[in-house]
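In what follows, chains carry the letters A, B, and so on, assigned in the order in which the sequence lines appear, proteins first and then strands, with residues in each chain numbered from 1.
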Amino acid sequence: MANCSAAAERCFFQVAIAIPLDRLFDYLPPSDYLAETVKPGVRVLVPFGKGRKVGLLMAICSDSAVDNTRLKAVEQILDDEPILSGPDICFLQWISHYYHYPLGEVLANALPTALRQGKPARLDSQTSYVLSELGSVTPMEQLKRAPKQQALLNLFHNHGGAISSTALSAFKPALQTLLAKGFLQPISTVPINDNPGTGTHLIANPEQQIAINTISAALGHFSVFLLEGVTGSGKTEVYMQVISAALAKGLQVLVLLPEISLTPQLELRFRQRFSAPIVTFHSKLSDKQRLGAWLSIQRGTANIMLGTRSAFFTPLAKPGLIILDEEHDTSFKQQEGLRFSARDAAIARGKHLGIPVLLGSATPSLESLFNVGRQRYQLLPLSTRAGNASEPVLQLLDIRNKKMQSGLSEQLLALIQDTLAQNQQVLLFINRRGYAPVQICHGCGWVARCRYCDANMVIHAAERRLRCHHCGSEQPLTPLCPACNTGELQALGMGTERIEQTLTQVFADKKLVRLDKDTTKRKGALEDYLQCIRDGDADIILGTQMLAKGHHFPNVTLVAILDIDSSLFSIDYRAEEKLAQLIIQVAGRAGRADMPGRVILQTRHPQHPLLLTLLNRGYRAYAQAALAERIQAQLPPYTHQALFRAEANNITAPQLFLTALSGLINRHNSQGISVFGPVSAPMARRAGQFRFQLLLQSRSRKDLHQVLDQILAGLGELKEARSIKWSLDVDPVDLY
DNA sequence: AGCACGCCGACT
DNA sequence: GTCGGCGTGCTC
């Protein structure tokens, strides 16, 4: 083997480094380097500036454009084998190019923290647990007051053997308790195959069977499917049978969900079904756990990865299928750093890897329905609800000139009363946390504003504080108006906390659970509340939109959305789509076969076309009408957008920058893409920063990206860029 | 992104 | 007389 550094032909390492510069850095090989032992895709430790950094080797080439005397040598090669394969790197390069984000930073997004820090890519032997003698003789009923512990013990009974700690990450508190009680005991093993699955399929109905057959037949080549099924139509059963088909071919499956809180339930169902090793991946895992999950998928020791957006880039040893559930959910769009859409990127990844992508939703995004119309995606409908469950009834409640009590009309209060009297649960949504969104002085009209944002301070009564929901600044509640020094301060408007107060007074004998960012801050609090609701320990469930995601509450028969009007006239053109999806999703949360759900929408606009179409003709009719409007208005998905944002601590610099940028664009804009702005962001000042934006739009994605490619090269030299912070959002979903 | 270098204000 | 403010420039 030729020793490259000594040989006549020199060679150079091209290394990607996680800094906001979209270029590679050339290095000399390490002193002990032997050619052909090192392949692209390994991590290298390199001197960089004053310190050292972990980079990824992209290529080994025979020359360098940099003056060779300035080159430093790679200090250490960190991996024996590439941690990313050729196709993976190729896909990440595509991502870097499409989102105009530096390759080194894209790579950093794709690696777990431990690998980014240069820790060894090694799977530690892990602790596993087995039933103790005591645990195997303890009757399950003994734990009926502790459902989580009971579920865990049950898992061990069904499984019969050892289960690894990684596989039990969702049961951490219960695991500790059962260990303390002596029902379980730890054993140390090499990584084991967690094998509790029974593999029993349900009998699929005809539509499910068509979906299963179609997707299974597509394994091995690229195609996109949109599985459109209402809650309870059996999407998960389709997922599981398609996963089975992939597993049978020795392939891996990546399953993405919008929210962490949805992973435990699905993980449990998967574990009951599959004998193949399953790993989860999301931001609540420790660095070590994430490394373990990532490596076991990268090496192929696990076959199924279940995770959130942060799991998206995990390399698959034997790629088989990507499933993205609740594809309409905007949580799949990352809102800072690498602003990618996991949904869109999943399609691109499927294409790169030559594997099918399965999108699922009861309320597909307009983009996906548009792509079905263009025959890019194949629609697989599931129209039958399992078990003859009847459709929930959607009903508008006109609250114009109606007497209201804390945002609740008397009619709604009466309906709540009736429902509670029948020992059924009530679910109430209001998308505003805190006590009240405005504090106003009745004497002089003064309103509590945030010092740093263009926003009102929100009253948090229990903590006796005013808080800004945009920057987090706080101050104590004062009894006197700071402007006129009288005691005329009043709370205006409704938040979850205030409605909770009213409801606990009106229904004093009923148990209320409030679910919002404030009540679920504690780790595991959300899961505890959800379990409490499922166990029937709550009569009234009150919360923000976080309640609408995925969870099903069969004993809820009355659902009300209290404040839909704020979304009906929003400046954000996607607000209506989100509201329509929320209404239908919420309707799916409620009821079961013998107790159909009822959904009440309080509104002052009962004639609004969105509401009429949605209620009378359903989601698909709404979507069709909305798509027709998008054509008319020349909005996505009929056009493509890219949004430049700029912010600074003064009001002029961002505008100057965007104006200069606009000029630069127009000099390169032979394609005739539209440029709107600069305009101030909907919230012009946030956390002390003045924010402006420039929107680019074109009917041709190619033209748009061509212009972006041209201007981004010269953007660094723009002197106006020096004093501000800017970012580019390709395919923005929120124009804030 | 870090990190140094580099010229102008209030302090041991 | 200095400590330190963050503007500017560079990283193979």
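In this structure, the NZ atom of A:Lys725 is 17 Å from the C1' atom of C:dG7, given to the nearest Å. Counting to the nearest Å, the P atom of C:dC12 and the CZ atom of A:Arg52 are 13 Å from each other. In this structure, the CD1 atom of A:Ile19 is 13 Å from the P atom of B:dC3, given to the nearest Å. Distance NZ (A:Lys719) to C1' (C:dG9): 18 Å, rounded to an integer number of Å. Rounded to whole Å, atom C1' of C:dT8 lies 16 Å from atom CD1 of A:Ile724. Following rounding to the nearest Å, A:Asp67 (CG) and C:dT11 (C1') show an atom-to-atom distance of 15 Å. As rounded to whole Å, 15 Å separates atom P of B:dA1 from atom CG of A:Leu338. As a whole-Å value, the separation of A:Arg10 CZ from C:dC12 P is 17 Å.
Counting only N and O atoms by type, the side chains of A:Asp572 and A:Ser570 include no donor and acceptor under 3.5 Å apart. Neither side chain, A:Asp344 nor A:Tyr99, offers a donor N or O lying under 3.5 Å from an acceptor on the other. Between the side chains of A:Glu327 and A:Ser365, at least one donor-acceptor pair of N or O atoms lies under 3.5 Å.
Side-chain nitrogen and oxygen atoms of A:Lys50 include none within less than 4.0 Å of the OP1 or OP2 phosphate oxygen of B:dC3. A:Arg23 has no side-chain polar atom (N or O) that falls below the 4.0 Å cut-off from OP1 or OP2 of C:dT11. The side chain of A:Arg722 places an N or O atom within less than 4.0 Å of a non-bridging phosphate oxygen (OP1 or OP2) of C:dT8.
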**Asked** Should A:Phe340 and A:Tyr101 be marked as a ring pair (Phe, Tyr, Trp, His ring centres under 6.0 Å) after you check the CA-CA gap, both sets of side-chain angles, and the distance that decides it?
**Response** CA-CA 10 Å; A:Phe340 75 107; A:Tyr101 203 70; 9.8 Å; no

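Residue contacts for A:Phe48: at a heavy-atom cut-off of 4.0 Å it reaches a base atom on one of the strands shown. As judged by a 4.0 angstrom heavy-atom cut-off over every strand, A:Leu21 is placed among the base-contacting residues.
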